[in-house]
4 protein chains.
Amino acid sequence: MKEEILDKRSAVLKATLELISEQGFHGTPMSQIAQRANIGVGTIYRYFSSKEDLINGLYIDIKTRMTRYVFRDYSENISVSVGLKQLLSNVIHYFIENPMELSFIEQYENSPLITDATREMSMHAAEPLKALFKRAMEQNILKELPFDMLGALFSGAVISLAKLYLSGTAGFDEIYLNAGVDAIWDMIKR
Amino acid sequence: MKEEILDKRSAVLKATLELISEQGFHGTPMSQIAQRANIGVGTIYRYFSSKEDLINGLYIDIKTRMTRYVFRDYSENISVSVGLKQLLSNVIHYFIENPMELSFIEQYENSPLITDATREMSMHAAEPLKALFKRAMEQNILKELPFDMLGALFSGAVISLAKLYLSGTAGFDEIYLNAGVDAIWDMIKR
Amino acid sequence: MKEEILDKRSAVLKATLELISEQGFHGTPMSQIAQRANIGVGTIYRYFSSKEDLINGLYIDIKTRMTRYVFRDYSENISVSVGLKQLLSNVIHYFIENPMELSFIEQYENSPLITDATREMSMHAAEPLKALFKRAMEQNILKELPFDMLGALFSGAVISLAKLYLSGTAGFDEIYLNAGVDAIWDMIKR
Amino acid sequence: MKEEILDKRSAVLKATLELISEQGFHGTPMSQIAQRANIGVGTIYRYFSSKEDLINGLYIDIKTRMTRYVFRDYSENISVSVGLKQLLSNVIHYFIENPMELSFIEQYENSPLITDATREMSMHAAEPLKALFKRAMEQNILKELPFDMLGALFSGAVISLAKLYLSGTAGFDEIYLNAGVDAIWDMIKR
DNA sequence: CATGAATGAGAATTCATTCAT
DNA sequence: CATGAATGAATTCTCATTCAT
């Protein structure tokens, strides 16, 4: 009964993610979330002050877990280029293994629901990446472009690749995926 | 009074784009669209059978205009690599000049509102790009990757770059933009 | 092109009857009536001041034609009992031959749309029947009941019989119909 | 405060009956029903999935109560002819005592809103009457006509009589009513 | 006269949020 | 604390009616 062990807050987040990733924010009433989470509607409001707060909470939760996953094997000991490629690969794999989270993030980041505070928080989560970029710049490994720009190109391409993979239409395997990762690397490397 | 010369259907599309790009689909009631378009609510329904139909119609309208813009200077006479770089540059500039359209497209393509029929139509619009890629492949100019993948990497990076530019935070100019375009080129070129 | 010979007013009435008998008042927009009548919506308003007026006009039209049909072979020369039975039979046959009119009348008479003026008019149409009843009373042919009551019993049973016949479920033929008419006759005859 | 003791579902049905019987289906908005029932609009939808469902629910409710009333004193011990006359009388009295229900039933049964499922249910409610007719046929008490036809003649006349009585114009009393009942009896008896 | 595009009042329905139990 | 019935503001959509052409 893994599901029942989940504390209520987590159960709500899980239900929200599942439902929103396929039905969208506005296609998902609070009542349905409560039902899926096996709790009463009112209970959601003990953990989140409003639906918007819930959405934001879910975003933060996902971003946190993702950052942890993506940097899990990073250490200052490994070379920058290895580190960056590993990072790249991790991001892709995170999304491939968590397609609902990708779907949610894409919806959320392009919606007007996103709070400035949340955006701020998201920036903060990107700090480690920035640090890595900085080290790479110092070693003349990356193109001489603003950090933000490298990040944007990088993440835009990565997410797009993950989406293509998940769409299933392409039908390409791990090998192609690696080729894609290499291509992205070509984009940012000097 | 340019606005009043617009036929009503166009006025509705214009109003919808403006409002949705900043408030989102669900933050924008039909009544507000009507108001902005200076017509009655009922009139919208003479041109679009439902709100969903309106959204889809707007998407198709935008995609059509964008495709026209992006391929406007393309000809079979120019070299493939020049053509591709021009294309790249055009896409970026289209979005920079039409930020609301970028915002709308991003919302729409990640929402559950998107119809299969519309997705189909969108594929169709990508045909010229595919043809160009094909020519490039034959000349061994591009990496040996599936078309879909090249397209995904390409568009993901381009859109991401345009968004960064528009966010204004980067504050970089045309020169940097060109550097970005070159980086994207590095990603797909052999 | 019989349809096109019809003057517009009649075309509107015909279209209204057809549509309302199957879709009901509120399931039938004015625009649909116009379409079926092959005229513009606005034109309806040249002949009828409002939808309500149209409905009332249709009712009066139907009642008039029905009364004419039902009394078509009546004359003071034939005996009262023959005349009454003939009348009875005529009413049934009118409805059987004009099912849409029956459907419309039943809807209309039970709806709150019916005007006092129209009800008045309807009474007036029943005058010949009353006269016939009076003659019958004087000859001690009918039960000693108020005219209104005889009329109510009579018309209630007749309409009910016609509806049953038209429902088709009973599947009975002309012979049974005559037996039904006889039964109704038993109800009012002394 | 009898009204306030009513559970909400019943309060809604009561309000609906009152309003519809005088204003018709389409003259009665959900908001008005809610107001009359002293509840919020949304609450109606906890008990009925739509306005149509509400109307159907009301019809079933009324038919159930009416059937109970009409057969309340029926038993297999009493003679068939007494039973039938009692039934006849009960139907009339039910409608006289519940004029709004008569009005509603008449509107509903002649409207295109009626569902096949509901019609089915209504047939089912007529079973006891059919059984009684059957017994009567076996004893050669009724005319040799199909059950459906006897039922149609019977109910058509009864309802018509009740309506006349309620219209108040006739101004006849219980005695006349009984005479009417006798007349109807003459119609179906052998 | 005929037309049908334009209108907006009005209706059904949904759903985030509250609060009595 | 947890619940879910109750609420009503807000939204989409329809359609009778008008009036410029």
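Hydrogens, waters and symmetry mates are skipped; everything else that's a heavy atom, side chains included, is used. Here is the naming used below: chain letters follow the sequence lines, and residue numbers restart at 1 for every chain.
Within 4.0 Å (heavy atoms only), B:I44 reaches no atom of the nucleic acid at all. Across all strands shown, C:S50 has heavy atoms under 4.0 Å from sugar-phosphate atoms exclusively, and none from any base.
DNA chain F is contacted by both C:T28 and A:R46; A:R46 maps to the nucleotide lying nearer its 5′ end (nearest heavy atom per residue). Comparing B:H26 and C:S49 by the nucleotide of DNA chain F that holds the closest heavy atom to each, the one mapping nearer the 5' end is B:H26. Residue-to-nucleotide proximity on DNA chain E shows that, of C:K8 and B:V41, the 5′-proximal contact is made by C:K8. Nearer the 5' end of DNA chain E, as judged by each residue's closest nucleotide, is the contact made by C:T43, out of A:G42 and C:T43.
Regarding D:K51, its NZ atom lies at a distance of 11 Å from the C1' atom of E:dG10, rounded to whole Å. Rounded to a whole Å, the CD atom of A:Q32 is 13 Å from the P atom of E:dT14. Rounded to a whole Å, the CD1 atom of D:I55 is 14 Å from the P atom of E:dA11. Regarding A:Y45, its OH atom lies at a distance of 13 Å from the P atom of E:dC15, rounded to whole Å. Computed from coordinates, the A:Y47 OH to E:dA16 P distance equals 20 Å when rounded to whole Å. If you take CD of D:Q23 and C1' of E:dA11, they are 14 Å apart, rounded to a whole angstrom. One atom, CE of B:M30, and another, P of E:dT7, lie 14 Å apart when rounded to the nearest Å. Taking atom CD on A:E52 and atom C1' on E:dC15, their separation rounds to 16 Å, with Å as the unit.
Note that the CZ atom of C:R46 and the CD1 atom of C:I39 stand 11.5 Å from one another [nearest 0.5 Å]. B:T118 OG1 to B:I60 CD1: the interatomic distance, rounded to the nearest 0.5 Å, is 5.0 Å. Residue C:M100 holds its CE atom at 11.5 Å from CD1 of C:I20, rounded to the nearest 0.5 Å. C:K14 NZ to C:L58 CG: the interatomic distance, rounded to the nearest 0.5 Å, is 12.5 Å.
Ring-plane geometry between D:F104 and D:Y59 is classed as tilted, the angle between the planes lying from 30 to 60 degrees on a 0 to 90 degree scale.
When only modelled atom types and interatomic distance are considered, C:N110 and D:Y108 share no side-chain donor-acceptor pair under 3.5 Å.
The shortest side-chain heavy-atom distance between D:I62 and D:R65 falls under the 4.5 Å cut-off. Between A:K8 and A:Y47 there is a side-chain heavy-atom pair separated by less than 4.5 Å. Under the 4.5 Å side-chain criterion, counting only non-hydrogen atoms from C-beta, A:L54 is in contact with A:M30.
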Open item on the list: Show me the dot-bracket string of DNA chain F, counting Watson-Crick or G-U pairs under 3.5 Å, with | for pairs to another strand and [ ] for crossing ones.
Closed with: .||||||||||||||||||||
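Between chain B and DNA chain F, the heavy-atom contact criterion of under 4.0 Å yields a 5' to 3' nucleotide range of F:dT12 to F:dT14.
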